[in-house]
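Notes to accompany the following structure.
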Amino acid sequence: MATKVDPIMGSLPDEQGHFGPYGGLFVPETLMGPLAELREAYEKYMVDETFIAELEADLANYVGRPSALYHAERWSRELGGAQIYLKREDLNHTGAHKVNNTIGQALLAKRMGKTRIIAETGAGQHGVATATVAARLGLECVVFMGEVDIARQEANVYRMRLLGAEVRAVSSGSKTLKDALNEAMRDWVTHIDNTFYIIGTVAGPHPYPAMVRDFQAIIGHEAREQIQQQSGKMPDALVACVGGGSNAIGLFYPFLDDKGVAIYGVEAAGDGLESGRHAAPLCAGRPGVLHGNRTYLMEDDNGQIIETHSISAGLDYPGVGPEHAWLKDAGRANYVAVDDQEALAAFHALTKIEGIIPALESSHALAYAAKLAPTMEKEQVILVNLSGRGDKDIHTVAAIEGIEL
Amino acid sequence: MNRLNVRFDKLREIGRKALIPYVTAGDPNPQITVPMMHAMVGAGANIIELGVPFSDPMADGPVIQRASERALKYNISLRDVLDMVTTFRKMDDITPVVLMGYLNPIEVMGYERFAEEAKEAGVDGVLIVDIPPEEATELLATLEKVEVYPIFLLAPTSTPERIKLICSAANGFVYYVAIKGVTGASHLDLSEVKAKVSEIREVTDLPIGVGFGIKDAETAEQISKVADAVVVGSALVSRIEALADEPQKAKNSVVELLLSMRKAMG
């Protein structure tokens, strides 16, 4: 599992959760003890054979891993450059990469004797993945979701309720993902004794960024083997979308030491970076402290967090995982941004040409791959993380195109 | 000498406990804050805790969250809050003022600049909810240079090791969070508070304040028997919220509650 792939890269975070100047533990005192407990449990069980065997069995038999690696030949030909391969996280149970992490954290919660699970969600994917594992393990589950997101993701809200979770509407602040995270933190502080907080991305206080990365790194470990089997070589470039950044770090992490592999994280440019209406802290934000860690943020000149905009609810977050912040500064990964229109075009292209409906989040990665491919040779290989399926987004896309379903 | 030392020494001398009201700067409007501070002192407040509004107050309950939102409608910044303290100091140079808030606005201003301007404005202490001592090395050194005291929270979940660590990093006073929860919650267990306060007292000579969950004269009085200072926030902010359209009346309502608490505490 938590294979340390690089003596320098893999040695992070440090004891206190720092990736260079980023990450750390910026939380109220009440959470310091519980976070230390969580860190101990995570360090203990990530090297515990029984735990790992149970996790691996669940990933195989419940999630359906390993997920396929698919050579998008027709699309590659049409783009006229590098060969594009898709890591099919959309084929996982619940339709996205999120479940890799919720399975792991829920097993940890059980080991720690916690009976109640809480989570935050934006688009609802992490909420569904959490409600799913809570149902399976018979744990009480409360999912915090901004009122704005509840209105635009009705289907996922209903899914969570079917699974037995309570979806609690958050009406503070901008009523979106960041506020759901605040509310989940408040709930955790209040019910610390019996509650386990499953954070859905590689942000938050230590150990979450490292722990979620380790649970998601299965994506990169599998893909690294699969791509060599199928294409006979290492990829020339990796591409993944970055909101909080969990699918991206999952793919990138096992390749960090492969210096010949270029890495691209794709943020949401919304209406365009120059419009100010976007969700691209790495491309257009600056470092600050939010939600327990130091990282790049979208903020105003007074240090207030500003609202983000993206067609994709899953990328609509003003911060980003601290390891991405560090990979950016260290120059190991490149962070770029793709706007709503480009993402939509990629959504349609993949659907029509390959018969795969991608999530709008993943469509950002696809859109960048489509820009990159023609600049490369036919023998070169781009590996894209297709982090989720697009069924949840068809209402959004239809509405944009003036179609009533 | 820092005003906090002077104030706590004096209170100890006369055998009284400190009453520390919290209000969010700029709530319900920016004009009322300084008059509110003076009125609270008039009602028996010994130290003022002034909240710096933040967009994402993750340690606060709904009452103080909404206070931040009201203040942010006026774009109240850290700079504005410091200006309010400067104005307050023109009339009152003895009541200690502690800023309470979150780290990010201070990060954006820069530690050095913040420390210097806070000192200049007449701020005596800073309580930053989301920075534990482990992350605060640089900030602590910067504040020490200007003798602005770092106030830290202690919680029911703080281990003996952490109590030691925090007490050694703190100055002025330490602030015990009486409940597992956010500001304004309501399940205060007095005997638990008493036990934890004695545990803290074995580690430090700093005065100990207790807050979170104190909402009326009765709880204030009970807490004043075990702690050196009683911090009251959400109960005051609720009164401000109820009269947000009539700031003068809100101020009077705050004064009324403080007077009753002061009376009960002696």
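Numbers restart at 1 for each chain; the letters A, B, ... are given by sequence-line order, proteins then strands. All figures in this text were calculated on a predicted structure; none of them were measured in a lab.
Of the two parts of Leu290(A), only the side chain, counted from C-beta on, holds a non-hydrogen atom closer than 4.5 Å to a non-hydrogen atom of chain B. Using a 4.5 Å cut-off between heavy atoms, Thr159(B) does not touch chain A at all. With a 4.5 Å cut-off on non-hydrogen atoms, Ile106(B) does not touch chain A at all. Using a 4.5 Å cut-off between heavy atoms, Asp80(B) does not touch chain A at all. Neither the backbone nor the side chain of Leu78(B) comes within contact range of chain A, judged by heavy atoms closer than 4.5 Å. In this structure, chain A has no heavy atom under 4.5 Å from any part of Ile128(B). Using a 4.5 Å cut-off between heavy atoms, Pro34(A) contacts chain B through its side chain alone, with no backbone atom that close.
Applying the 6.0 Å contact sphere to NZ of Lys194(B) captures no more than 12 heavy atoms from other residues, nucleotides or ligands. Enclosure of atom NZ in Lys164(B) is not indicated, since only 12 or fewer non-hydrogen atoms of other residues, nucleotides or ligands lie within 6.0 angstrom. Within a 6.0 Å sphere centred on CD of Glu120(B), other residues, nucleotides and ligands contribute 12 heavy atoms or fewer. Atom CD of Glu144(B) has 12 or fewer neighbouring heavy atoms from other residues, nucleotides or ligands inside a 6.0 Å radius.
Checking side-chain atoms of Glu29(A) against main-chain N and O of Leu154(B) turns up no donor-acceptor pair under 3.5 Å. No donor-acceptor pair closer than 3.5 Å links the side chain of Asn302(A) to the backbone N or O of Ser77(B). With hydrogens and angles ignored, the 3.5 Å screen pairs a side-chain donor or acceptor of Thr157(B) with a backbone N or O of Thr30(A).
A salt bridge does not link Arg294(A) to Glu135(B): none of the charged side-chain nitrogens sits closer than 4.0 Å to a carboxylate oxygen.
In this view, Arg70(B) and Asp27(B), Glu241(B) satisfy the salt bridge (Lys or Arg N to Asp or Glu O under 4.0 Å) rule, not counting sequence neighbours.
With values rounded to the nearest 0.5 angstrom, Leu25(A) atom CG is found 11.0 Å from Ile131(B) atom CD1. Rounded to the nearest 0.5 angstrom, His206(A) NE2 and Glu134(B) CD are separated by 11.5 Å.
In terms of heavy-atom pairs under 4.5 angstrom with chain B, the leader among Gly33(A), Pro28(A), Gly24(A) is Pro28(A).
Using modelled atom types and a 3.5 Å distance limit, the side chains of Glu69(B) and Ser172(A) yield no donor-acceptor pair.
Closest non-hydrogen pair, Ile305(A) versus Ser55(B), comes out as N-OG, 2.8 Å. Of all the heavy atoms in Pro132(B) and Phe26(A), the pair that sits closest is CD-CA, 4.2 Å.
Close approach to chain B, defined as a heavy atom under 4.5 Å from one of its heavy atoms, is seen in Asn182(A), Glu183(A), Met185(A), Arg186(A), Val189(A), Thr190(A), Ile192(A), Asp193(A) of residues 180-196 of chain A, taken by number. For residues 58-65 of chain B, a heavy-atom distance under 4.5 Å to chain A picks out Met58(B), Ala59(B), Asp60(B), Gln65(B), given by residue number. At a heavy-atom cut-off of under 4.5 Å, chain B is reached by Arg286(A) from residues 278-287 of chain A, listed in order of number.
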